[in-house]
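Written below as structure tokens is the structure these notes are about.
For the numbers below, each heavy atom of this structure counts, side chains included, while hydrogens, waters and symmetry mates do not. None of the values given here were measured: they were computed from a predicted structure.
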Amino acid sequence: MSLYQSGTLPFGATYPVEITGTLGSIQHQVGLSLATQVSSFQVTSITGSAIAHNNRQEVQVTHTISAGVTPTSCSTLDPNVSCRVVSSGSGTVTLGITANPDAVHGTRVLSLNGGAATAHLAIADYGGGGSAPDVEVAAGSSTSIDVEVPDDPCYIDGPCSFGTAGGQDWIWGDGDGGSIEVYFAPPAGTPPGDYTYSINFCSGYLDWLEEEGEDSCTVEGSVTVDPAAPPAPSITLSGPPGVPLNAANTFQLSVTGTSATQTVQLTISLVQGTGAAVFQGGNSSAITVSVPAGSNGVSVALTGTRVSSTANNLTLNAAIPGVASSQATFTVVGVTISLNTQGQPAADDGARSTFLAGSKGLGPGIMQLPTPTSPQYCGVGVELVGVVSPSNYTGLVTLRRRWPSNGATGGAFKNQTQYATFTAGADDTSFPNGLDNDPQSGGSGGKVYDIDAPGVGLPTADIYRYRSNFVEYAVLGDRTTTAKASADFSYFVRASCTQDAQGNLMLSNDVANDNQAGSGTSPTTWNLQQ
Amino acid sequence: MRRKKLRTYITVSVLAAAMSLGTAFASPGQFPCAEFDGAKAQQLLEYLQRDRSALRPECAVLALQGLNHYVPAVKTLIKYLDYAIPGDAMKAPVGVIMRLPWLGEKFPAFASLYEIGRPASNDLVAAIAQDRTSGIARANAIQLLFEIYRDGPSEAVALLRRSGERATDRRSEYLLIDAARKTADMCRGDEMNRCLNALRP
């Protein structure tokens with residue numbers, strides 16, 4: 001069936017057509033609409049290419065069309081972009097275009113009347129009036145995000161995009177060239193919770209901002225501030241410069257910045273040369289210890305097992321693997337003690353001048369110490385020498401003294417009667433003026449000294465006697481410490497005092513082998529008999 | 001080097017002399033001063049700067065001992081150089097010299113100034129030069145200078161001699177030169193010549 005019509009029918013118009021069918025006496029009619037058919041038409045924009053932002057807000061754009069054509073439909077292949085014909089009239093059509101936020105920026109083809117004509121559409125990313133990403137950050141820490149900045153349309157000759165961020169004083173950021181980096185750094189004291197932040201795109205040259213209004217300049221997002229993460233644990237390890245050979249010295253280990261008990265790995269390492277130490281109570285050079293939270297730390301005792309060949313050649317390492325560590329350097333120190341009982345004190349003995357100010361030298365004699373006006377007495381000068389290994393050790397090493405814990409200690413006699421007894425085991429360490437506890441002072445090169453001059457005066461015109469056994473030992477540290485670094489060294493001092501016819505003090509030699517000092521022990525009776 | 005830690009208590013030798021065998025010579029005596037528990041050096045110093053006659057002896061001694069590394073206390077410590085640990089506490093068994101005697105045993109300020117060492121030198125010299133300084137304090141100051149410079153006593157001699165030469169009054173000059181001589185007299189051995197040389201202008 002063909003239908004011919006002369007002349008021009010308006011584009012898009014419909015015309016009723018009635019078709020009648022006859023079969024014998026039967027006749028049937030059906031009505032049809034006949035529409036004009038246009039194969040194609042031209043669309044030309046008069047306001048520029050359509051630019052829609054992916055913000056669900058419709059953008060309307062007007063196009064010119066070929067005369068006599070009336071677009072009635074508009075569509076795109078992108079399901080996130082919709083298009084409608086708002087109006088069409090003589091030679092123009094106005095389209096309404098909407099892009100949702102999932103529409104990717106870029107160009108789309110608009111299809112009018114099922115493809116009879118096409119127009120182009122630009123989809124632009126848009127934040128204005130929309131939302132920015134949600135962010136989560138712990139108080140006291142920081143994070144950042146990159147946010148794309150609209151770069152189009154631009155009313156200058158690019159680059160165009162520029163944005164700034166804010167909302168809290170711990171939120172900042174700016175940038176251009178297509179993106180902005182926004183930083184979030186809530187201080188540790190920031191109360192946990194949700195905070196709003198915003199990004200302003202209006203500080204650049206985007207001309208759509210004027211079109212969209214001031215409200216569309218900003219996007220807002222939420223930042224969730226979590227409670228501040230506990231600070232990373234920190235280890236503090238402190239201790240003496242030396243660990244005695246065959247005895248212990250103590251290091252202090254503490255862990256801060258944690259609310260939980262920490263397990264700390266402790267390791268002893270040899271850095272150079274020879275030398276060794278183990279943890280007290282075992283033969284191990286590696287242990288783990290628990291440090292309770294909130295405690296002042298724990299003490300860790302190390303025992304030297306082999307003298308260091310040079311100073312500071314061992315380390316004690318404390319570590320919470322992957323979290324924190326600390327290190328202390330130390331030396332295993334040994335001291336050998338000997339006794340000088342005659343001649344002059346060593347030239348490098350720091351107590352030499354003090355001692356010689358009131359005596360003629362080591363050994364028995366009449367002493368006047370500590371000052372030239374002090375009363376005279378009969379004494380025996382002794383110099384204990386501690387040879388320190390390694391010889392370049394610089395920590396303090398002090399020679400201490402006590403009375404023996406077992407056996408005779410000694411005492412004082414008036415003629416043959418004892419009137420004082422020294423207490424077993426009691427300390428008798430020299431005063432500072434008798435000590436040189438710096439192994440490097442005076443060019444010693446690893447020697448320390450203890451000068452003593454015990455004895456007895458003469459309160460009455462009798463014979464006064466002094467008998468004493470001593471135990472000398474070295475400690476690492478000053479005269480108050482107990483980290484013993486030597487074997488016990490036993491020695492004795494004995495002296496008797498009387499006066500001559502003129503009343504001058506003199507040593508009494510009425511008992512054989514009196515008025516001397518020596519290593520070992522001595523009888524402590526008045527006559528030196530067992 | 002000399003180091004000493006702050007002690008909470010004064011430990012002194014207590015006479016336990018007896019005429020019978022087996023009597024112990026000494027046992028530690030403790031003189032607590034509760035008001036100084038946890039006290040800082042500045043508090044100890046302020047205590048000593050009060051009227052000396054009103055101080056509790058046990059607290060005064062503890063304060064003097066506790067300032068053994070506190071350089072700002074030097075001038076005050078020097079004023080206490082003649083302040084002896086009180087009472088019988090210092091007595092050993094009659095006639096017995098337990099160990100190399102030391103003035104710091106009897107005078108706690110002496111011990112603390114010894115620990116402070118050379119930073120106290122100039123103030124010690126100044127105290128020696130002052131006429132109002134007591135005889136005991138001056139003698140102790142001279143001895144202290146000698147011990148502070150024990151590695152080279154001639155330095156102490158030279159310091160005193162130079163200070164005497166610069167003194168603005170005759171009395172101070174005399175006191176300082178006299179102190180230099182007394183110090184030089186304590187030098188022995190190879191140090192003696194150096195000390196004598198240090199006496200010369």
Side-chain angles (χ1 to χ4, degrees), chain A residues 344-345 347 350-361 367 369-374 377-379 381 396 401 411-412 414 417-423 426-435 437-438 441-442 451-460 464 466 468 477-480 497, chain B residues 1-7 11 13 15-28 68 92-106 110-111 114-115 139-140 142-144 146-154 156 182-183 185-192 194-195:
Chain A
Q344 298 296 302
R352 169 189 169 94
S353 59
T354 304
F355 171 73
L356 288 178
S359 70
K360 289 183 168 56
M367 314 280 183
L369 291 165
T371 74
T373 59
S374 299
Y377 70 96
C378 300
L396 293 183
R401 183 174 58 250
K414 180 180 179 182
T417 302
Q418 186 166 2
Y419 65 92
T421 301
F422 304 133
T423 304
D427 180 64
D428 189 48
T429 299
S430 290
F431 295 118
N433 65 329
L435 297 172
N437 54 10
D438 182 346
S441 66
I451 284 189
D452 197 15
V456 66
L458 201 64
T460 60
Y464 282 80
Y466 175 91
S468 186
D478 64 20
R479 59 191 293 275
T480 67
C497 199
Chain B
M1 287 179 70
R2 300 177 288 270
R3 298 176 188 165
K4 187 179 181 183
K5 69 177 184 180
L6 172 63
R7 286 176 286 185
T11 301
S13 300
L15 173 64
M19 300 309 292
S20 60
L21 286 170
T23 301
F25 140 64
S27 62
N68 59 349
V94 176
V96 174
I97 305 299
M98 305 303 302
R99 59 196 77 101
L100 187 68
W102 190 46
L103 287 180
E105 181 184 22
K106 183 175 182 180
F110 186 101
Y114 180 83
E115 297 292 337
N140 288 350
I142 294 169
Q143 179 69 24
L144 184 53
F146 177 80
E147 294 193 15
I148 285 174
Y149 286 88
R150 68 179 195 169
D151 291 334
S154 58
K182 288 175 177 172
T183 303
D185 284 346
M186 290 189 279
C187 297
R188 297 288 185 274
D190 51 3
E191 190 67 24
M192 186 183 298
R194 283 192 283 270
C195 289

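The candidate with the highest count of non-hydrogen atom pairs below 4.5 Å against chain B, out of A/Leu369, A/Asn433, A/Asp452, is A/Asn433. Chain B forms more heavy-atom pairs under 4.5 Å with one residue of A/Thr371, A/Thr429, A/Ile451, A/Leu458 than with any other, namely A/Thr371. Interface check for chain A: of the options B/Arg188, B/Lys182, B/Met186, the most heavy-atom pairs under 4.5 Å are formed by B/Arg188.
Here the CD1-SG distance, from B/Ile97 to A/Cys378, works out to 10.0 Å after rounding to the nearest 0.5 Å. The distance from atom CE of B/Met98 to atom CG of A/Asp428, rounded to the nearest 0.5 Å, is 5.5 Å. Rounding to the nearest 0.5 Å gives a distance of 4.5 Å between CZ of B/Phe146 and OG of A/Ser353.
With a threshold of 4.5 angstrom between heavy atoms, B/Glu191 does not approach chain A through any atom at all. For A/Ala351, the parts lying near chain B are the backbone and the side chain together; criterion is any non-hydrogen pair under 4.5 Å. Within the 4.5 angstrom heavy-atom criterion, no atom of A/Ser468 approaches chain B.
No side-chain heavy atom of A/Ser430 sits less than 4.5 Å from a side-chain heavy atom of B/Trp102. A heavy-atom distance below 4.5 Å is not found between the side chains of B/Leu100 and A/Phe431. Residues A/Pro432 and B/Glu115 form a side-chain contact, since some pair of their non-hydrogen atoms from C-beta on lies under 4.5 Å apart. With a 4.5 Å cut-off on side-chain heavy atoms, B/Val96 and A/Tyr419 count as touching.
The side chain to side chain contact (heavy atoms under 4.5 Å, CB included) search around A/Gln344 returns A/Arg352, A/Leu356, not counting sequence neighbours. Applying the salt bridge (charged side-chain N to carboxylate O under 4.0 Å, His left out) criterion to B/Asp185, with sequence neighbours excluded, gives no partner residue.
Judged purely by atom type and a 3.5 angstrom limit, B/Arg150 uses its side chain to pair as donor or acceptor with the backbone of A/Gly350. Under a 3.5 Å cut-off, the side chain of A/Thr354 and the backbone N or O of B/Glu147 do not form any donor-acceptor pair. Judged by distance alone, the side chain of B/Gln143 and the main-chain N or O of A/Pro370 form a donor-acceptor pair under 3.5 Å.
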